[in-house]
Protein chains: 2
Amino acid sequence: MIFADFLRNRRREQLSASDLAALEDSVWDVQKTRARQLIAHARQPIRMSTYLMEGFICRYMDDRNGLRQLVAVHVPGDFVDLHGYPLGRLDHDVATLGACKIALVPHERLDRLLVERPNLTKLLWFSTLLDAAMHREWIFRLGRLDAVARVAHFFCEIEAKLRAVGLSDGQHFAFPLTQADLGEACGMTSVHINRMLRELRERNLMQVQRNRVTISDLSALRRLSDYDPSYLFIEG
Amino acid sequence: MIFADFLRNRRREQLSASDLAALEDSVWDVQKTRARQLIAHARQPIRMSTYLMEGFICRYMDDRNGLRQLVAVHVPGDFVDLHGYPLGRLDHDVATLGACKIALVPHERLDRLLVERPNLTKLLWFSTLLDAAMHREWIFRLGRLDAVARVAHFFCEIEAKLRAVGLSDGQHFAFPLTQADLGEACGMTSVHINRMLRELRERNLMQVQRNRVTISDLSALRRLSDYDPSYLFIEG
DNA sequence: CGCTGTCTTGAGGACGGTCAATGTTCGTGG
DNA sequence: CCACGAACATTGACCGTCCTCAAGACAGCG
């Protein structure tokens, strides 16, 4: 089962057995990729979309000087660049963070689903709009929060997303991002990320060590960063 | 014709006469609204979406202290909260900036279009993903640009969007946002917005006066802010 | 004509960036 | 099993951008 985690704890009950089977059938290939590998280029037309089964993927834009701004971080269960289907090309790059397992879905097969399966189409549409909701939360984070809160807010989101697919117990989870990556996500330098992580550690809220995050006080972390996960549409 | 500007200069040629007629038929009411009026509430279920015919609308989120962060500014031709259809509820508020003319489309009617008109559905989906692309550009703006460039970048986007629907000639356009609004869009204080506008004026790039923007050197403005409008998918 | 919201400007300070040095971890190959 | 190098993490000193606070000017509107 490739799409086992797709919309898990979201609206999966709206996915009929037959729609799910059609979705599974639309997969062209399942692949493993190494860490730090580019999997889709900005501006080029794309003919397939990538569904993430294992690992972490990010999307980012470059400025003139080659400095990156991450615009999304994806976890298993995410249909990473499904928006490339209606758009036809991407406005950003997509790359793996750690090693990943991905499924590739050709757009011609999505065309069939669009015509034959309105219910599934609406769920696929929904899933691309979840990404848009996350984008909005990132805008809020960058526009209104100070440095500590930005970092805390970022981890709150990752934790909530991972928990929805069973990869966090609320206290621990695997996490392949470096401090430089965090800087590119939060709009700050890796040096300052380091200081903010120290602050969060010293306040006994959370810590990061060797690709692993430990959260000791999730509710304090959420309070600190004004975090409300309702935009993720996770049930229960 | 209500949807005269919808996807104008984007993919409107893909909109068949019959699809367009069906879209027009799905409108329940056309209304005029005053300036600074809330038209959709965060968190509440919504049963209609708003298409903007005239005026400016913004979407925003509040932090704990009631400080706003704008996440989008809409111009005529935008289907402002169409994403509320697959989502079922919004994660943010929607309000008019100046006086507006809007068309309301009940979601039950969109359900019919979804089942009967896959081609139209794909275009509607596309239009919600344009908004997501703009969100990404806003993330980039807030994360990677300094204050002058942020303001310049914002105006470059507004100008490009207005030009696509014939409301800017590349040099002049109507603009109802106050400096406080600009601050809420660009993640800075209105005081600093004021200083940056002065800088742009003194460098002979652009100026704002009485709800009107004059751009004297658009290409310099774009260079300054690393602006590339390709994410808007405007043709020609 | 006065009220209110918006704009403008200044002075001082805090937050986060820059630059640079050092420490740590981990994979690779001898 | 250890030696080495590369990538990543950590810390300090200094500095610039942008925020805060505050006062005053201006414009639109009753």
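Numbered from 1 within each chain, the chains take letters A, B, ... in sequence-line order.
- The side-chain hydrogen bond (donor to acceptor under 3.5 Å, both in side chains) check on Arg203(A) picks up Glu199(A), with sequence neighbours excluded.
- Remark: Ile39(A) pairs with Thr50(A), Ile57(A), Val94(A), Thr96(A) by the side chain to side chain contact (heavy atoms under 4.5 Å, CB included) rule, at least two apart or across chains.
- Residues that satisfy the salt bridge (charged side-chain N to carboxylate O under 4.0 Å, His left out) test with Asp93(B), not counting sequence neighbours, are absent from this structure.
- Residues passing the side chain to side chain contact (heavy atoms under 4.5 Å, CB included) test with Arg64(B) are Arg223(A), Asp226(A), sequence neighbours excluded.
- Screening residues 140-151 of chain A for side chain to side chain donor-acceptor pair (under 3.5 Å), with sequence neighbours left out, gives Arg141(A)-His153(A).
- In this structure, CG of Asn194(A) is placed 5 Å from C1' of dT10(D), rounded to the nearest angstrom.
- For Arg198(A), there are no salt bridge (charged side-chain N to carboxylate O under 4.0 Å, His left out) partners, not counting sequence neighbours.
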(message) Each nucleotide in nucleotides 13-30 of chain D should get exactly one letter: B, S or -. Can you fill that in based on protein heavy atoms under 4.0 Å?
(response) B----BBBB------S--
(message) As a check on the pairing definition, encode DNA chain C in dot-bracket form, counting Watson-Crick and G-U wobble pairs whose two distances are under 3.5 Å, and using | for partners outside this strand.
(response) ||||||||||||||||||||||||||||||
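- The list of salt bridge (Lys or Arg N to Asp or Glu O under 4.0 Å) pairs with a residue in residues 161-182 of chain B, not counting sequence neighbours, reads Arg36(B)-Asp181(B), Asp78(B)-Lys161(B), Glu159(B)-Arg163(B).
- Along DNA chain C, the stretch of nucleotides lying under 4.0 Å from any heavy atom of chain B spans, 5' to 3', dT6(C) to dA11(C).
- Asp91(B) meets the side-chain hydrogen bond (donor to acceptor under 3.5 Å, both in side chains) test with Arg136(A); sequence neighbours excluded.
- The side chain to side chain contact (heavy atoms under 4.5 Å, CB included) check on Gln31(A) picks up Trp28(A), Asp29(A), Ile102(A), Leu104(A), with sequence neighbours excluded.
- For Gln209(A) and dT10(D), the CD to C1' distance is 15 Å, given to the nearest whole Å.
- The aromatic rings of Phe79(B) and Phe3(B) sit tilted relative to each other, their planes meeting at an angle between 30° and 60°.
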